[in-house]
Amino acid sequence: MAPFNLETCARPNILALEPYRCARDDYKDDGTNILLDANENAYGPPISANANGLSSASASGPGPAVDFLGLHRYPDPHQHDLKQLLCNLRTTHAHTPKTLTPANLFVGVGSDEAIDALLRCFCVPGRDRILVCPPTYGMYSVSAQVNDVGLVKIPLLPAPSFAVDVAAVCAALTTEPHIKLVYLCSPGNPTGALLAKADVQQILAHPTWNGVVVLDEAYVDFAPDSASLAEWVTEWPNLVVMQTLSKAFGLAGIRLGAAFAAPPVARLLNSLKAPYNISNLTSAVATYALSEAGLAIMRANKARLIAQRDRLLAALPKIKGVGRLRGGTESNFLLFEMLDAKGNPDNVTALAVYKRLAETKGVVVRFRGKEHGCNGCLRITVGTEEEVSRFLEALAKTLAEVRGAAVKASSEDEEKREAEANAVVA
C-alpha cells in the first residue's frame, strides 16, 4: 500500500483553515464559572419550571411532548407545523401587508447550517465571493473558506454607529462581478447595533448586481418590537433573513435556526439539505417554545435580561478603567473599552483583564480587541442579576490589579533606565 499523505490528499483550503474559536476553547466551564462569553440566555429556555424533563406525548403536564416510543422512526423532513409557528411569530405587518407561509422557510442546525447552505447554493468554489462587513460574526469567513469561496471585506463605519458603509458596499457590488452574497448582521455581533432598514434597502435595490443579501438577525428579539425584517422576504426576492432560537429563546442546546426567503430560494435551500436535519427532540422543544406558553416565558426572561442590560449600562462607566460603550444596545451583550493607566483604550490591558477575570475570578467574557474598530474592547454578555453583581465586582478588582501592575512595571522600568544612565555618566 502506498503511504498515505494527508498534505497532498486533503483540499488545500481545508488544510489552511483556521477554525472558529470561542472563549471556552481557552476556559472550560467547571460548573462554578460565570459564563458571559457566548451571548446565551442566562435565564434559560422558555419551559416552565414545573416541567421536569420532556414529557411523554400523552402527558398533560407543562413542557414539550415527545413520542419517545416513536424515536425509532426518522423525523418529519419538512417540519411544516414548526415552520408555521415561526411564520406566525414573524408576520407582524410592520413592513408589508403580505403574510409569511411555510414556503418561505428553511430550518436547520442553528443559523450556521443556513450560512453554509447559502454558500453551497449560490457560490461556485474557486470563483465566486461573498462580501462581509467587519467587525462581524466569524462563521461567515470560516464557511467561505470551507467552501473555497473568496472574501471581500467592507468595514462598517466607525463606532459607535457601526452602520453599513452603503456607498462602499454598492461600489464593490458594481466593480466585483463575482460577489454572490452580502452577509449583514443586525443587530451586529460584536457591535450590538441594529442596521438601518433604509441602508439594507439601498443594497437590495442595487441596479446591476445579481446576488442575495443575507441579513443575520440572531439577536433581533432584544431590539425594539417589529425590528425584524423577516416578513420583508415577501417583497424582496433577493433577501434572506436568518434567525435562531439560541439567543432570546434560550435554546442554544437544541441548535435550531431558520432562514426566511422567497419561495424559490427556500426551495433551493430545502433541496440541498440533509433529509432529516431536524430531530424529533429539537422539533418538540422548538414547537413548545413557540407556543403561547413558551412565548410568554421567553418574553418574561427577555424583560429580565433587558433590565440587567440597563443596569450594566449604568454601572460600567462608573468603574475606574472602563472606557466608552462602542456600538449599540439592541442585543443581550455590550461592547466596552478597557483603558490603560493613561486612560487610553488598550488591547494589552483588555487581554490581561480577560485572562485574569477567567483565571482568578471565574468570570468568562470575550476579548474582541483584534476585531476591526474594537481596540481595547471586551464583549460582555448580559447575565442574571446575581451574575451581573459578581461580574461588576470582579471587573472593578481586576482592572485595579491590571492597571496597578502596569504602573508598577512602568515605574520599575523608569528606575532601571535612570540607574543605567547614571552608571554611564559615572
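What's counted below: heavy atoms across the whole structure, side chains too, no hydrogens, waters or symmetry copies.
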Inset, instruction - Check the pair Leu151 / Arg129 against side-chain contact (heavy atoms from CB on, under 4.5 Å), numbers first and verdict last. - result: CA-CA 5 Å; Leu151 274 177; Arg129 299 181 178 186; over 6 Å; no
Legend entry - Exceeds 12 heavy-atom contacts within 6.0 angstrom, atom CD of Glu386: no
Inset, instruction - State, without any angle test, whether Asn189 and Arg379 hold a side-chain donor-acceptor pair at a distance under 3.5 Å. - result: yes
Inset, instruction - Scan side-chain atoms only and decide if Tyr354 and Asp37 contain a donor-acceptor pair under the 3.5 Å cut-off. - result: no
Legend entry - Residues Arg90 and Asp221 bridged, charged N to O under 4.0 Å: yes
Legend entry - Side-chain donor or acceptor of His95 paired with backbone N/O of Ala230 under 3.5 Å: no
Legend entry - Interatomic distance, Leu36 atom CG to Leu378 atom CG [nearest 0.5 angstrom]: 11.0 Å
Inset, instruction - Quick one: list whatever passes ring pair (Phe, Tyr, Trp, His ring centres under 6.0 Å) with Phe249, sequence neighbours left out. - result: none
Inset, instruction - Drop me the distance from Glu18's CD to Ser141's OG, to the nearest 0.5 angstrom. - result: 12.0 Å
Legend entry - Minimum heavy-atom distance between Glu231 and Thr234, given as atom pair plus value: O-OG1, 2.7 Å
Legend entry - Val348 side chain reached by Asp340 side chain, heavy atoms, under 4.5 Å: no
Inset, instruction - Kindly give the heavy-atom pair with the smallest separation between Ala396 and Ile319, and that separation in Å. - result: CA-CG2, 3.8 Å
Inset, instruction - Report yes or no: does Asn104 contribute a side-chain atom to a donor-acceptor pair with the main-chain N or O of Lys83 at less than 3.5 Å? - result: no
Inset, instruction - Could you tell me whether Lys197 atom NZ has more than 12 heavy atoms of other residues or ligands within 6.0 Å of it? - result: yes
Inset, instruction - Give a yes or no on this: more than 12 heavy atoms of other residues, nucleotides or ligands lie within 6.0 Å of atom NZ of Lys397. - result: no
Inset, instruction - Output, in order, the C-alpha distance, side-chain angles, deciding distance and verdict of side-chain contact (heavy atoms from CB on, under 4.5 Å) for Asn147 and Cys123. - result: CA-CA 8 Å; Asn147 288 281; Cys123 297; over 6 Å; no
Inset, instruction - Rounded to the nearest 0.5 Å, what's the gap from CZ on Arg368 to CD1 on Ile380? Could you check? - result: 13.0 Å
Inset, instruction - Measure the spacing between CG of Leu312 and CG of Leu305 and express it to the nearest 0.5 Å. - result: 10.5 Å
Inset, instruction - Using modelled atom types only, decide if a donor and an acceptor are shared between the side chain of Ser111 and the backbone of Gln243 within a distance under 3.5 Å. - result: yes
Legend entry - Heavy-atom donor-acceptor pair, Arg120 side chain to Lys273 backbone, under 3.5 Å: no
Which atom pairs, donor and acceptor, lie under 3.5 Å between side-chain atoms of residues 4-15 and protein residues at least two apart or in another chain?
from  : atom 1 : to     : atom 2 : distance (Å)
Asn5  : OD1    : Glu7   : N      : 2.9
Asn5  : OD1    : Thr8   : N      : 3.3
Thr8  : OG1    : Asn5   : O      : 3.3
Arg11 : NE     : Asn13  : OD1    : 3.4
Arg11 : NH2    : Val146 : O      : 2.6
Asn13 : ND2    : Gln145 : O      : 2.7
Asn13 : ND2    : Val146 : O      : 3.1

Inset, instruction - Determine yes or no for a side-chain-to-main-chain donor-acceptor pair under 3.5 angstrom, with His206 supplying the side chain and Cys170 the backbone. - result: yes
Legend entry - With Pro135, the side-chain contact (heavy atoms from CB on, under 4.5 Å) member among Cys374, Pro155, Cys185: Cys374
Legend entry - From Leu100 atom CG to Thr91 atom OG1, the distance as rounded to the nearest 0.5 Å: 4.0 Å
Inset, instruction - May I have the step-by-step check of salt bridge (Lys or Arg N to Asp or Glu O under 4.0 Å) for Glu401 and Lys361, ending in yes or no? - result: CA-CA 12 Å; Glu401 293 164 1; Lys361 308 295 192 299; 3.1 Å; yes
Inset, instruction - Calculate, to the nearest 0.5 Å, the distance between atoms CG and CG belonging to Leu239 and Leu215 respectively. - result: 6.5 Å
Legend entry - Main-chain N/O of Tyr288 paired to Ser291 side chain as donor or acceptor, under 3.5 Å: yes
Inset, instruction - Let me see the working for Arg403 and Lys320 under side-chain contact (heavy atoms from CB on, under 4.5 Å), right down to the final yes or no. - result: CA-CA 10 Å; Arg403 285 155 59 93; Lys320 190 172 183 179; 3.9 Å; yes
Legend entry - Pairwise side-chain contact, Ile130 with Leu118, heavy-atom cut-off 4.5 Å (strictly under): no
Legend entry - Closest non-hydrogen atom pair, Leu316 against Phe391: CD2-CE2, 3.9 Å
Inset, instruction - Could you check if a side-chain atom of Val164 sits within less than 4.5 angstrom of a side-chain atom of Leu157, using non-hydrogen atoms only? - result: no
Inset, instruction - Give a yes or no on whether the backbone of Leu71 and the side-chain of Asn280 come within a donor-acceptor separation of less than 3.5 Å. - result: no
Inset, instruction - Mark yes or no for whether Asn332, through its side chain, and Val382, through its backbone, hold a donor-acceptor pair below 3.5 Å. - result: no
Inset, instruction - Locate the shortest heavy-atom distance separating Gly373 from Phe162; write the atom from each residue and the value. - result: O-CZ, 3.7 Å
Legend entry - Which atom of Ala193 lies closest to which atom of Ser161, heavy atoms considered: CB-O, 3.7 Å
Legend entry - Side chains of Val353 and Thr349 in contact at under 4.5 Å (non-hydrogen atoms): yes
Legend entry - Close side-chain approach of Leu251 and Pro46, heavy atoms under 4.5 Å: yes
Inset, instruction - Answer whether the closest heavy-atom distance between the side chains of Lys180 and Arg127 falls below 4.5 Å. - result: yes
Inset, instruction - State, with a plain yes or no, whether a side-chain heavy atom of Phe106 is found less than 4.5 Å away from one of Val240. - result: no
Inset, instruction - Using ring pair (Phe, Tyr, Trp, His ring centres under 6.0 Å) as the criterion, list what pairs up with Tyr183, not counting sequence neighbours. - result: Tyr140
Inset, instruction - Determine whether more than 12 heavy atoms belonging to other residues, nucleotides or ligands lie under 6.0 Å from atom CD of Glu385. - result: no
Legend entry - Arg309: salt bridge (charged side-chain N to carboxylate O under 4.0 Å, His left out) partners, not counting sequence neighbours: none
Inset, instruction - Would you indicate whether the side-chain heavy atoms of Glu40 and Ser246 approach each other to under 4.5 Å? - result: no
Legend entry - Sidechain-backbone polar pair: Trp232 side chain, Gln201 backbone, donor-acceptor under 3.5 Å: no
Legend entry - Set of salt bridge (charged side-chain N to carboxylate O under 4.0 Å, His left out) partners for Arg390, sequence neighbours left out: none
Legend entry - Residue pair Ser228 / Glu217, side-chain donor-acceptor N/O under 3.5 Å: yes
Legend entry - Pairs involving residues 156-167, ordered by first then second residue, that meet salt bridge (Lys or Arg N to Asp or Glu O under 4.0 Å) (sequence neighbours left out): none
Inset, instruction - Give a yes or no on whether the backbone of Ala394 and the side-chain of Thr398 come within a donor-acceptor separation of less than 3.5 Å. - result: yes
Legend entry - Residues Thr282, Arg255; criterion side-chain contact (heavy atoms from CB on, under 4.5 Å); working and verdict: CA-CA 8 Å; Thr282 292; Arg255 308 299 297 126; over 6 Å; no
Legend entry - Close aromatic pair by centroid cut-off 6.0 Å: Tyr20 and Tyr137: yes
Legend entry - Where Val149 and Asp128 come nearest, the two heavy atoms and their spacing: CG1-O, 3.3 Å
